[in-house]
Structures are given as structure tokens and as C-alpha cells.
Amino acid sequence: MHGTSASDGSWTPAERFGLTIGEMSTMFHVSVRMLRHWEDLGLLTPARDASGYRVYGPGDLNRLRRLLIYKELGVPATRIGRLLDAPAPVVIKELKVGRSNLKKKLRHLQRTLDDTDRLIDMAEKGTTMANTETTDSRQNEAKDRWGDTKQWMEFAERETGTDGNTKMKDEQHMRDVEAKLADAKRRGVKPGSDEANELAEEHRASLYYYEVSLPMQVSLGRMYVADKRFKKHYDDIEPGLAQWLHDIIDANAAAQGIDLDNVQWE
């Protein structure tokens with residue numbers, strides 16, 4: 001809260017006999033320049049001592065406290081002047097409107113705070129507090145492998161900012177693409193062919209966790225073959241699919257100018 005009087009509600013000697021503009025500035029955490037500006041607008045009217053210096057008395061302190069409340073409620077300066085001298089019913093109505101708006105802002109800030117906490121949890125731990133017990137082990141491994149990359153932050157942002165229905169649709173689309181890949185392999189589609197290149201691009205677009213560049217897709221293709229779990233995942237869909245997918249990814253990337261001997265995760 002802004003500056004207060006003595007704890008028992010009485011005025012301190014300084015407040016009773018007057019404060020300087022510097023003391024007011026310190027007490028209310030308001031710049032001297034702003035106090036002078038409000039005086040120019042007629043919102044504050046401190047007295048002057050024999051030397052011409054401003055002297056703020058108890059009435060000025062009360063007025064400034066009210067002014068700051070109205071200001072924090074978002075009341076424009078032009079209306080604050082009228083409220084400071086308005087009858088109680090008018091002021092109460094304005095305060096109730098401001099209070100309602102303030103509660104809306106607080107709810108918005110709480111949602112933002114909750115979203116921020118979930119994003120921090122996801123980025124640091126690979127999960128949110130709500131999903132700690134159901135976290136996929138592959139997700140934990142992904143965090144260990146890519147947790148220092150910008151793609152991990154893209155993934156964390158997506159995980160915390162996407163609703164369950166959208167995630168389900170994205171996962172179903174990925175499964176549909178995998179089914180198309182399996183069908184193409186069974187039909188004998190050759191790596192480097194137009195159809196294979198289109199499928200490689202469709203596979204890249206289906207990787208919804210973060211934006212995947214061609215070099216990144218090449219790295220993933222190599223992991224599909226080298227990592228037993230990924231290889232099993234694809235080969236359970238169609239025998240030999242992991243290697244075939246690796247091959248069409250390499251061929252498509254090479255056709256677009258990627259040096260397969262110098263691939264980096266970028």
C-alpha cells in the first residue's frame with residue numbers, strides 16, 4: 001500500500017505539520033516531477049511556507065492516497081480531478097467499476113502466471129506438475145538429448161499452449177502419414193522419386209513438436225535406424241520401414257542441396 005500514517009491511525013508530527021515535496025515523493029514512491037505535474041493539473045494544491053516552498057498537510061496526503069488509487073484503477077487524469085471532489089455515491093460507483101476491472105486483470109495475470117509455471121516445468125523437467133506421473137519416458141529422453149536447444153523451447157511452448165484435442169489431431173495426422181509411408185514402401189516406391197520426395201516432405205511437416213529443417217530431418221532419419229526403439233516403432237508398422245524412411249529423407253535432402261556428410265542440427 002502507499003504511504004501510511006502512524007500505526008494507530010493518528011498523524012505523525014511531520015504529517016500533522018506538513019511534508020516537503022521530497023518527503024512526499026519518498027513516502028508515496030512518486031517522482032517529484034509527477035507531483036508537480038498533478039499540481040499543474042489542479043489535482044493537488046499544497047500550501048506554501050514563508051519561503052515559497054510547498055507544504056503538504058494531512059488533507060493533501062489523503063487526497064494523494066485517493067488519487068493513486070484512482071490512477072491504479074485506470075481512471076484517466078481528467079476524470080480523477082472530478083472524482084476527488086465528487087459526492088460519495090459517484091465515487092463509490094466509479095470504485096466498484098474499477099474494482100471489477102481490477103479483478104478481471106488479476107484473473108488474467110493468474111492465468112499468465114499458471115502458463116508461465118507450466119512452461120518452466122516443461123522446459124526444465126520435460127513435464128508439467130500436472131503430468132508428472134504420466135510422462136512418457138521418450139519425452140524425458142528427448143529432454144536429456146535436446147534440452148539445451150531452441151527446438152526444445154518450441155516443444156515446451158507447444159506442449160503447454162496446445163489443448164488436448166489439437167494434440168490428438170496432430171498425433172492422428174502423424175499416424176496417417178506413417179501409414180502412407182508404409183503403403184509406399186510396400187508398393188516399391190524408390191527413394192529419390194517424385195513420390196518419395198513428396199512423402200519425405202509430408203513426413204517432415206507431420207513432426208509437429210517443433211519446426212524441423214531438412215538437416216534436422218536427416219539427423220532424425222539416422223536416429224530412426226540407429227536407435228532400437230525408433231527402429232522397432234517403424235518396423236512394427238512395416239518391416240524395413242525405418243531404413244526406407246531414412247533413405248527417402250536423405251535422397252530428398254540431397255536433391256535440395258543438403259551436404260549429407262556435413263549435417264548439423266539447425
Side-chain angles (χ1 to χ4, degrees), residues 107-108 110-147 149-187 189 191 194-225 227 229-249 252-253 256 265-266:
R107 288 195 293 269
H108 173 73
Q110 186 60 57
R111 287 195 297 269
T112 302
L113 180 61
D114 292 342
D115 289 344
T116 301
D117 287 341
R118 285 193 292 270
L119 180 55
I120 290 172
D121 281 340
M122 179 60 68
E124 287 186 340
K125 307 170 187 175
T127 185
T128 62
M129 292 298 293
N131 296 328
T132 301
E133 296 181 359
T134 59
T135 303
D136 194 317
S137 61
R138 290 176 299 177
Q139 193 162 298
N140 287 328
E141 183 179 352
K143 196 273 178 185
D144 292 338
R145 182 174 297 184
W146 291 300
T149 67
K150 68 177 183 179
Q151 286 78 25
W152 179 255
M153 281 307 305
E154 288 182 35
F155 165 73
E157 289 162 0
R158 184 197 175 282
E159 278 296 293
T160 56
T162 305
D163 62 65
N165 287 334
T166 300
K167 291 179 183 177
M168 288 177 61
K169 290 178 181 178
D170 289 340
E171 290 167 2
Q172 183 59 53
H173 176 63
M174 181 181 286
R175 288 193 291 270
D176 291 343
V177 170
E178 290 174 345
K180 289 179 66 174
L181 293 168
D183 174 70
K185 181 188 177 299
R186 283 193 295 270
R187 290 188 289 105
V189 174
D194 289 344
E195 182 178 357
N197 288 343
E198 289 176 6
L199 285 169
E201 286 297 331
E202 194 168 346
H203 166 265
R204 183 160 69 99
S206 74
L207 302 175
Y208 59 88
Y209 294 117
Y210 43 77
E211 186 175 351
V212 177
S213 66
L214 281 169
M216 289 164 61
Q217 188 187 22
V218 170
S219 296
L220 291 173
R222 292 173 181 178
M223 185 180 67
Y224 297 158
V225 175
D227 188 298
R229 286 164 298 179
F230 281 101
K231 189 173 188 301
K232 183 178 186 303
H233 168 76
Y234 285 108
D235 288 353
D236 282 350
I237 298 173
E238 172 68 22
L241 183 59
Q243 184 63 55
W244 184 83
L245 178 55
H246 164 277
D247 294 344
I248 70 166
I249 289 173
N252 178 58
Q256 297 188 54
W265 185 265
E266 58 184 13

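In this text, all values refer to a predicted model and were calculated from it rather than measured experimentally. What you see below is based on every heavy atom in this structure, not just the backbone, and it leaves out hydrogens, waters and symmetry mates.
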**Q.** Smallest separation among heavy atoms of A200 and Q217, with atom names
**A.** O-NE2, 2.8 Å
Q. Excluding sequence neighbours, so at least two apart, what forms ring-ring contact (aromatic ring centres under 6.0 Å, His included) with H246?
A. none
Q. Are V225 and L245 close enough that some pair of their side-chain heavy atoms sits under 4.5 Å apart?
A. no
Q. Of all residues at least two apart in sequence or in a different chain, which pass the ring-ring contact (aromatic ring centres under 6.0 Å, His included) check with Y224?
A. H203, F230, Y234
Q: Report the residues that fulfil salt bridge (charged side-chain N to carboxylate O under 4.0 Å, His left out) with E178, sequence neighbours left out, ordered by chain and then residue number.
A: none
Q. Roughly how far apart are K231 NZ and D236 CG, rounded to 0.5 Å?
A. 10.0 Å
Q) Looking at residues at least two apart in the chain, or sitting in another chain, which of them share a side-chain contact (heavy atoms from CB on, under 4.5 Å) with P215? A) S213, I258, V263
Q: Evaluate the side-chain contact (heavy atoms from CB on, under 4.5 Å) criterion for residues V177 and M174: first the C-alpha distance (whole Å), next the side-chain angles of each, then the deciding distance (0.1 Å), finally the verdict.
A: CA-CA 5 Å; V177 170; M174 181 181 286; 5.7 Å; no
**Q.** 4.5 Å side-chain heavy-atom contact, E201 and I248
**A.** no
**Q.** Atom of A196, atom of P191 and distance for their closest heavy-atom approach
**A.** CB-CA, 4.0 Å
Q) Roughly how far apart are L207 CG and D170 CG, rounded to 0.5 Å? A) 11.0 Å
Q: State, yes or no, whether a side-chain contact exists between E202 and E198 at a heavy-atom distance under 4.5 Å.
A: no
Q.
To the closest 0.5 Å, what do you measure between CG (L181) and CG (D176)?
A. 11.0 Å
Q. Where do E238 and A182 come nearest, in terms of heavy atoms and distance?
A. CB-CB, 3.7 Å
Q) For R222, which residues count as a side-chain hydrogen bond (donor to acceptor under 3.5 Å, both in side chains) partner, sequence neighbours excluded? A) none
Q. Hey, what do you get for CG (L214) to CG (N252), rounding to the nearest 0.5 Å?
A. 6.0 Å
Q: Mind checking the CG-NE2 spacing from D227 to H233? Nearest 0.5 Å is all I need.
A: 11.5 Å
**Q.** Counterpart residues, side-chain contact (heavy atoms from CB on, under 4.5 Å), relative to R187 (two or more places apart)
**A.** D183, A184, V189, E195
Q: Report yes or no: do Q172 and R175 form a side-chain donor-acceptor pair below 3.5 Å?
A: yes
